[in-house]
Amino acid sequence: MAELMVRDGTWTFDGDAVRIVPGRERGVHKLRQDLGEFTVPLAALAGIALEPGRKGGRLRLRLREGADPLLQVTGGGLPDEANPYRLTVDAGRVEVAEYFVDTVRQALMLEQIPDGPADRYLLPGPSVPLSAAGVDGVATFDGERVHLEWRWNTSETKRDWGPRNFTLGALEAVEWRAAAGLESGYLRFRPRGATERLKPEHDPNSIELWGFKKESGTTALLAAAVAARLPHPSAGAGKALPAAAPAVPLTPAAPPAPAAPRASAPAPAEDHDALLRRLRELGELHRDGILTEEEFTATKTAVLRRFHTGG
């Protein structure tokens with residue numbers, strides 16, 4: 001078992017899952033504290049990395065697309081400090097963090113966990129009931145129904161609709177967007193068959209969001225809790241998530257289809273998969289600026305050579 005305990009929180013890996021416990025100190029974002037302790041199964045992981053910093057570093061878990069309802073519904077819109085899959089590592093704990101990374105990576109390779117999109121949620125999402133406030137309204141979700149109540153400053157359009165209630169069966173999707181520049185963010189509940197898209201301030205199915213204050217992060221948790229109980233995006237027409245597979249970082253161009261190990265020698269097939277994983281890992285390190293162009297090219301050439309030599 002590997003455990004990393006720092007001021008920002010505690011991560012524990014037992015070989016099957018990573019248990020994440022957020023820190024309770026003042027600097028830990030409220031969204032992470034509200035989400036609380038949760039467990040990420042190994043099958044939901046696509047990778048792990050330690051990003052170096054001037055004083056220590058930052059540990060980051062990379063999840064498979066579609067595995068977590070929170071990441072799915074927020075679409076990368078969470079600010080870094082609110083991301084529950086990042087952990088600030090103190091300078092004195094870097095070696096422990098490196099060991100943690102090695103342990104998780106070894107388990108991913110041994111278990112041959114695919115890093116492509118998931119066709120179902122592998123995490124349950126935030127606990128309910130939940131209540132979340134935006135600029136002009138408050139949403140509550142008890143696990144079966146969503147209720148929207150308007151504040152005094154809501155638009156006349158919304159006020160005319162009155163309070164809103166949705167059962168899960170009446171909803172097609174839930175959407176969450178952070179504010180960007182002068183554009184308001186929103187928490188939107190999309191009823192089945194609805195086609196009209198109004199601006200958040202006039203949409204009776206939306207709560208308007210401005211910025212990302214600590215207290216407003218709960219809207220993202222509520223959106224994730226609803227999303228976790230709706231059909232997975234991959235179940236829709238066109239199989240949206242699997243179609244996105246080409247976006248997985250660095251699918252190597254070298255071997256299109258395993259120019260395969262011969263049937264009489266199963267061991268090289270295992271080496272082949274490990275080499276593919278190594279190529280993807282090298283691509284991520286190069287993309288993140290950890291490997292220079294020369295280092296990346298030289299190392300990739302050595303790995304590709306092993307495809308042709310068989311080891």
Side-chain angles (χ1 to χ4, degrees), residues 8-11 17-23 28-49 58-88 115-134 139-143 146 168 171-180 185-190 206-207 209 211-236 240-241 244 247:
D8 202 27
T10 301
W11 287 12
V18 176
R19 184 168 63 93
I20 294 178
V21 181
V28 178
H29 198 283
K30 189 173 185 297
L31 182 149
R32 293 172 54 204
Q33 293 186 348
D34 288 345
L35 180 59
E37 176 183 335
F38 66 102
T39 300
V40 184
L42 188 65
L45 293 180
I48 184 172
R58 179 172 287 172
L59 200 60
R60 182 210 298 264
L61 281 181
R62 184 166 61 87
L63 269 66
R64 296 170 61 193
E65 184 182 355
D68 175 33
L70 177 61
L71 295 184
Q72 180 69 27
V73 80
T74 55
L78 292 178
D80 288 348
E81 64 271 17
N83 189 334
Y85 299 107
R86 305 182 100 185
L87 187 71
T88 300
D115 61 1
D119 59 3
R120 61 188 176 89
Y121 290 126
L122 300 175
L123 282 84
S127 301
V128 294
L130 274 171
S131 178
T140 56
F141 178 53
D142 63 5
V146 174
L168 286 175
L171 292 176
E172 182 177 334
V174 56
E175 301 171 357
W176 183 93
R177 295 292 181 274
Y186 58 84
L187 169 61
R188 172 181 286 143
F189 301 93
R190 198 167 77 228
S206 298
I207 287 179
L209 307 176
F212 195 91
K213 297 180 180 178
K214 290 185 177 181
E215 58 272 15
S216 70
T218 316
T219 59
L221 298 183
L222 190 146
V226 175
R229 291 163 174 81
L230 293 176
H232 191 272
S234 68
L241 283 180

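What you are looking at is a predicted structure, and each value in this text was computed from that prediction instead of being measured. Positions are given from 1 along the sequence.
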Could you tell me the separation between the [atom1] atom of [X] and the [atom2] atom of [Y], rounded to the nearest 0.5 Å?
| X | Y | atom1 | atom2 | result |
| --- | --- | --- | --- | --- |
| Tyr85 | Leu71 | OH | CG | 5.0 Å |
| Thr10 | Leu87 | OG1 | CG | 8.0 Å |
| Asp34 | Thr218 | CG | OG1 | 4.5 Å |
| Leu168 | Leu230 | CG | CG | 5.5 Å |
| Leu70 | Leu221 | CG | CG | 6.5 Å |
| Asp115 | Leu45 | CG | CG | 11.0 Å |

Closest heavy-atom contact between [X] and [Y]?
| X | Y | answer |
| --- | --- | --- |
| Val128 | Ala225 | CG1-CB, 3.8 Å |
| Pro84 | Leu78 | CD-CD1, 4.3 Å |
| Leu187 | Ala139 | CD2-CB, 4.2 Å |
| Leu209 | Ala179 | O-CB, 3.9 Å |
| Pro22 | Gln33 | CG-CA, 4.3 Å |
| Ala44 | Leu122 | CA-CD1, 3.6 Å |

Under 3.5 Å, side chain of [X] to main-chain N/O of [Y], donor-acceptor pair present?
| X | Y | result |
| --- | --- | --- |
| Ser234 | Asp119 | yes |
| His29 | Asn83 | no |
| Arg58 | Thr88 | no |
| Arg64 | Ala43 | yes |
| Arg32 | Asp8 | yes |

Is there side-chain contact between [X] and [Y], with heavy atoms separated by less than 4.5 Å?
| X | Y | value |
| --- | --- | --- |
| Val174 | Trp176 | no |
| Arg229 | Tyr121 | no |
| Ile20 | Thr39 | no |

Could you please spell out the steps behind the side chain to side chain contact (heavy atoms under 4.5 Å, CB included) verdict for Ile207 and Tyr186? CA-CA 6 Å; Ile207 287 179; Tyr186 58 84; over 6 Å; no
Any salt bridge linking Arg86 with Asp80? Criterion: basic side-chain nitrogen under 4.0 Å from a carboxylate oxygen.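 Salt bridge between Arg86 and Asp80, a charged N being under 4.0 Å from a carboxylate O: yes.
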Any residue meeting side chain to side chain donor-acceptor pair (under 3.5 Å) with Arg188, in chain and number order, not counting sequence neighbours: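 Partners of Arg188 under the side chain to side chain donor-acceptor pair (under 3.5 Å) test: Glu175, Asp203, Ser206.
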